[in-house]
Amino acid sequence: MNPYSTQCIDQDDIDSVVRALQGAHLAQGPLLEAFENALAAYLGVKHVIACNSATSALLMTYQALGLAEQIAITTPISFVATANMLLACQATPLFCDIGADGNLDPARLEEVYHTCAHPQRIKALVSVDYGGRSVEVEALRAFCTRHQLYFISDSSHALGGSYRGQKIGALADATIFSLHAIKPITTAEGGLIATHSTELYHQLKLLRAHGVENQGFHVEVSGYGYNFRMNELQAALGLSQLPKLDRFIAVREEIACFYDRLFTDNPYFTPLHASLPAHITSSNHLYAILLNSNLWEKKNALLQALLDAQIGVQVHYKPIHTFKLYQERLGLLHLPKAQDFYQATLSLPCHQKMTLALAQYSADTLLALCAQLSG
Ligand SMILES: *Cc1c(COP(=O)(O)O)cnc(C)c1O
């Protein structure tokens with residue numbers, strides 16, 4: 001099975017982890033800070049905090065920015081962790097519908113804000129760079145400035161991507177990345193928070209490790225924290241993966257462009273990547289297509305036939321507001337663009353270990369199946 005995404009581990013990654021394993025420190029040591037500094041330099045941001053997952057990174061960020069008992073506007077088209085961690089810190093997600101690119105639609109934000117029963121409790125906007133394609137940062141930032149909201153970017157898909165020549169990570173008040181195995185680079189499991197704010201950085205460091213402030217032998221705890229640390233084996237893997245990130249992205253971009261050419265003017269679906277604007281560089285974590293509506297009721301058959309042909313397709317994502325948990329908390333919400341997106345979307349294999357021959361096979365198989373199912 002060719003998966004929709006997978007890790008790429010070379011001998012030097014293995015060597016790097018083995019060296020760390022033989023070193024003096026396994027839990028806390030010098031590699032973590034070296035990894036964080038390398039990331040800060042790469043992203044062009046003042047501070048980077050590494051931790052054990054993007055989910056932990058989201059929770060710490062929401063908590064540090066004081067979202068408890070408050071409201072955050074967010075997107076229904078994401079991995080559930082984006083909204084789950086709002087619930088975990090007693091915040092309420094306020095879902096805004098998406099645009100044709102799968103990202104929050106900037107044109108809908110004002111209406112969502114003004115139709116909220118408690119607009120004074122809205123404290124943040126949490127966006128997601130769907131599939132690795134940046135949100136329209138300028139429009140989102142202008143909205144946040146207008147209403148004095150924190151701009152939090154769940155860029156779990158988008159490490160290495162950019163917006164108007166600037167790396168994603170330096171554009172929001174806090175940007176979260178995932179280093180899970182199948183994300184753009186990996187530490188097996190891991191997460192990052194990038195921020196220009198030194199105050200936020202210090203709060204996050206306390207939350208990451210028990211809330212303990214150390215000054216020599218003087219120890220103090222003024223607020224509780226967790227153990228969300230990244231260990232030295234993970235940092236060692238991250239340090240050897242990071243220099244390869246741009247190459248990984250170049251390979252995925254080549255595959256995405258190759259798919260786009262094969263899919264030009266086909267009568268069955270639209271690939272999202274084909275409409276990527278010139279001012280955005282996507283990490284292409286996902287290569288998603290949107291099936292025309294006449295194929296929606298055939299989608300399960302199509303997915304199964306693709307899996308039978310060893311093509312590891314997946315659906316990203318079932319809209320978060322339609323999960324039982326969210327229906328119980330928030331009632332039945334009507335977000336027609338997100339619901340249509342869910343009917344239409346599927347993700348094809350696109351990763352740095354894939355050949356163009358495999359992409360050709362996936363594309364040919366998909367087109368043939370679409371023709372068969374439309375007939
Ligand atoms: C993968 C992902 C997460 C969670 O990342 P972990 O590192 O596995 O905790 C959160 N948000 C989005 C959008 C993701 O894709």
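Every number for a ligand or one of its atoms is a count from 1 in the order of the listing. Starting from 1, each residue takes its place in the sequence as its number. Values in this document were obtained by computation on a predicted structure and should not be read as measured data.
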J.: Purely on distance, is any nitrogen or oxygen of Ala54 under 3.5 Å from one on ligand 1?
T.: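 Between Ala54 and ligand 1 (N or O atoms, distance only) the closest approach is under 3.5 Å.
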J.: Return yes if some donor-acceptor pair links the side-chain N/O of Thr75 with the main-chain N/O of Asn103 below 3.5 Å, else return no.
T.: no
J.: Give the numbers and elements of all ligand 1 atoms closer than 4.0 Å to a heavy atom of Gly190.
T.: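 Taking each heavy atom of Gly190 in turn, ligand 1 has 7 (O) under 4.0 Å.
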J.: Could you tell me whether His180 and ligand 1 have an N or O pair separated by under 3.5 Å?
T.: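 No.
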J.: Pull out every atom of ligand 1 sitting under 4.0 Å from any heavy atom of Asp154, numbered as shown with elements.
T.: 10 (C), 11 (N), 12 (C), 13 (C)
J.: Working to the nearest 0.5 angstrom, can you tell me the gap between Ser347 OG and Leu303 CG?
T.: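 Reported to 0.5 Å precision, the distance equals 10.0 Å.
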J.: Are the side chain of His351 and the backbone of Lys353 linked by a donor-acceptor contact shorter than 3.5 Å?
T.: yes
J.: Is the shortest distance from a heavy atom of Ala57 to ligand 1 less than 4.0 Å?
T.: no
J.: Got a sec, which pairs hit side-chain hydrogen bond (donor to acceptor under 3.5 Å, both in side chains) with one end in residues 21-38, sequence neighbours left out?
T.: Glu36-Arg208
J.: Which of the numbered atoms in ligand 1 are under 4.0 angstrom from any heavy atom belonging to Ser78?
T.: 13 (C)
J.: May I ask you to list the atoms of ligand 1 that are less than 4.0 angstrom from any heavy atom of Thr82?
T.: 11 (N)
J.: With heavy atoms only and a cut-off of under 4.0 Å, state how Tyr317 meets ligand 1: side chain, backbone, both or neither.
T.: side chain
J.: Donor-acceptor pair, distance only, cut-off 3.5 Å: does the side chain of Gln241 make one with the backbone of Thr186?
T.: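 Yes, Gln241 side chain to Thr186 backbone: donor-acceptor pair under 3.5 Å.
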J.: For atom 9 (O) of ligand 1, which protein heavy atom lies nearest, and how many Å away is it?
T.: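 So the nearest neighbour among protein heavy atoms is Thr55 OG1, 2.5 Å.
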J.: If the condition is salt bridge (charged side-chain N to carboxylate O under 4.0 Å, His left out), which residues does Lys244 pass it with, not counting sequence neighbours?
T.: Asp10, Asp12, Asp13
J.: If the cut-off is 4.0 Å to any non-hydrogen atom of Ser156, which atoms of ligand 1 fall inside it?
T.: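 Counting from 1, the qualifying ligand atoms are 2 (C), 3 (C), 10 (C), 11 (N), 12 (C), 13 (C), 14 (C), 15 (O).
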J.: Of the protein's non-hydrogen atoms, which lies at the shortest distance from atom 2 (C) of ligand 1, and what is that distance?
T.: Lys183 NZ, 2.7 Å
J.: Can the ring centroids of Tyr259 and His273 be said to lie less than 6.0 angstrom from one another?
T.: no
J.: So, does Glu232 use its side chain to make a donor-acceptor pair with the main chain of Leu31 at under 3.5 Å?
T.: yes
